[in-house]
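The structure under discussion appears below in the form of structure tokens.
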Amino acid sequence: MTEAHLAVIGHPIAHSLSPRLHAAALIAAARPGHYAAFDVKPEDLGPAVRGLAALGFVGANVTIPHKEAVLAHCDRLDPGAAAVGAVNTLKFTENAIHGFNTDGAGFLAALADALPGWSPAGRGALLLGAGGAARAVAFALRGAGARRIGIVNRTPARAAALLAAVGGDPAMRPEDADLLVNCTSVGMGTGESPFADWQRLRPGCVVYDLVYRPAETALLAAARARGHPAAGGLGMLAHQAAGAWRIWFGDAPPVAVFLEAARA
Ligand SMILES: NC(=O)c1ccc[n+]([C@@H]2O[C@H](COP(=O)([O-])OP(=O)(O)OC[C@H]3O[C@@H](n4cnc5c(N)ncnc54)[C@H](OP(=O)(O)O)[C@@H]3O)[C@@H](O)[C@H]2O)c1
């Protein structure tokens, strides 16, 4: 088996857990290869992507702040990534750079792991945030049959744009939600919570926080203290990584290894 060269590009990149996850998976699957992290400035994105393709890399992950800008450097876009308007996974073939987004499917898989038997189908979901991750989650929930999707965001125009794109409901309130998802970066590395209206949430409303550092965020702690089923972003991180593996190699990813490495 030839050695598989893989990478993640972002700016900054030192915080990324992706190298740890993919290194563990390559070892567990006895697949020769290595996964490197490259700090790529926005002005260098195009040359960096073309450079990885020219060097024979199998693929790459793309993280903040490049997930949207990288679309312009893809020759082919998976329909899911095109709908979301963001790419987190690149695959390089002989003559094309392909863009995919595994965040939405990763979110749904993590939700299913955290709440076996629970489905967003027919339910109301309220999303906090309207950035790239919120777009992926909103389209994934729509695809999974969510009945109503509401979006609140610090910058209301971004929420309105995403509501329009995904067919969301601008009138949705916390009282209407069966699922509350934090898609903002609030709480990442801090003790802040993006939500305070706990008295307005229905008992039993599920709370999912995309933030994974710390693993137990202030939002999750507050949700659990009030009896809400709650889960944090490490599961999604593992599942979106497993999705990238499936795209790169076409075989079943070692999901348990990704989950274990994310939680290590
Ligand atoms: N678990 C996973 O696998 C996974 C996958 C993807 C992303 N994530 C996490 O999800 C978060 C969002 O990622 P992203 O790619 O969507 O980032 P992004 O495109 O930069 O969007 C950030 C979002 O957070 C909001 N926000 C930022 N600071 C805020 C503040 N102080 N108060 C209120 N809202 C604030 C922004 O609001 P404005 O529109 O007003 O700026 C925007 O809605 C990050 O923490 C990221 O690490 C996790």
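Here the structure is a predicted model, which is why all the values come from computation and not from measurement. Atoms within each ligand, like the ligands themselves, are counted from 1 in listed order.
- When the heavy atoms of G132, A157, S18 are ranked by distance to atom 19 (O) of ligand 1, first place goes to G132.
- A donor and an acceptor atom, one from each side chain of H34 and H5, are located under 3.5 Å apart.
- In this structure, atom 21 (O) of ligand 1 lies nearest to the protein heavy atom G131 CA, 3.5 Å.
- Residue R76 qualifies as open at atom CZ: its count of foreign heavy atoms under 6.0 Å is 12 or below.
- The closest side-chain heavy-atom distance from H66 to L45 is below 4.5 Å.
- For the residue pair D209 and T217, a side-chain donor N or O sits within less than 3.5 Å of a side-chain acceptor on the partner.
- Ligand 1 has no nitrogen or oxygen under 3.5 angstrom from a nitrogen or oxygen of G129.
- Checked by distance only, ligand 1 and L237 come closer than 3.5 Å through their nitrogen or oxygen atoms.
- Among protein heavy atoms, the minimum distance from atom 13 (O) of ligand 1 is reached at A133 CB, 3.8 Å.
- For atom 34 (N) of ligand 1, the choice among R154, H239, M188 with the nearest heavy atom turns out to be R154.
- Residue contacts with ligand 1, taken as heavy atom pairs separated by less than 4.0 Å, involve V186 solely via side-chain atoms from C-beta onward.
- Evaluated by nearest non-hydrogen atom to atom 11 (C) of ligand 1, the leading choice among L210, N88, T184, V211 is T184.
- Relative ring orientation between H22 and Y35 is described as parallel, the plane-to-plane angle staying below 30° on a 0-90° scale split at 30° and 60°.
- What sits closest to atom 44 (C) of ligand 1 on the protein, heavy atoms only, is S185 CB, 3.8 Å.
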Kindly indicate, with the supporting measurements, whether the criterion salt bridge (Lys or Arg N to Asp or Glu O under 4.0 Å) is fulfilled by D197 and R173. CA-CA 10 Å; D197 280 346; R173 307 158 306 158; over 6 Å; no

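- Side-chain contact, D113 with H239: a donor N or O sits under 3.5 Å from an acceptor N or O.
- Scanning the protein heavy atoms around atom 43 (O) of ligand 1, the nearest turns out to be N153 OD1, 2.7 Å.
- Proximity of C183 to ligand 1 is established by a heavy-atom distance of less than 4.0 Å.
- Within the listing of ligand 1, atoms 1 (N), 2 (C) sit less than 4.0 angstrom from a heavy atom of G233.
- Atoms of ligand 1 lying under 4.0 Å from any heavy atom of R158, numbered from 1 in the order shown and given with element: 38 (P), 39 (O), 41 (O), 42 (C).
- Among all non-hydrogen protein atoms, the one lying nearest atom 5 (C) of ligand 1 is M236 CE, 3.6 Å.
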Given salt bridge (Lys or Arg N to Asp or Glu O under 4.0 Å), test E68 with R135 step by step and report yes or no. CA-CA 11 Å; E68 286 154 39; R135 293 188 68 86; over 6 Å; no

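- Salt-bridge annotation for R246 and D251: absent, with no side-chain N of the basic residue lying under 4.0 Å from a carboxylate O of the acidic one.
- Of the listed options E68, R213, K67, K67 places a heavy atom closest to atom 6 (C) of ligand 1.
- Judged purely by atom type and a 3.5 angstrom limit, K91 has no side-chain atom pairing as donor or acceptor with the backbone of V58.
- Screening D103, N88, N101 for a side-chain hydrogen bond (donor to acceptor under 3.5 Å, both in side chains) with K67, the sole residue that qualifies is D103.
- Of the options D103, N182, T155, the smallest heavy-atom separation from atom 40 (O) of ligand 1 is shown by T155.
- Distances from ligand 1 to the non-hydrogen atoms of R135 include no value under 4.0 Å.
- Relative to atom 46 (C) of ligand 1, the option among I64, L17, T217 with the closest non-hydrogen atom is I64.
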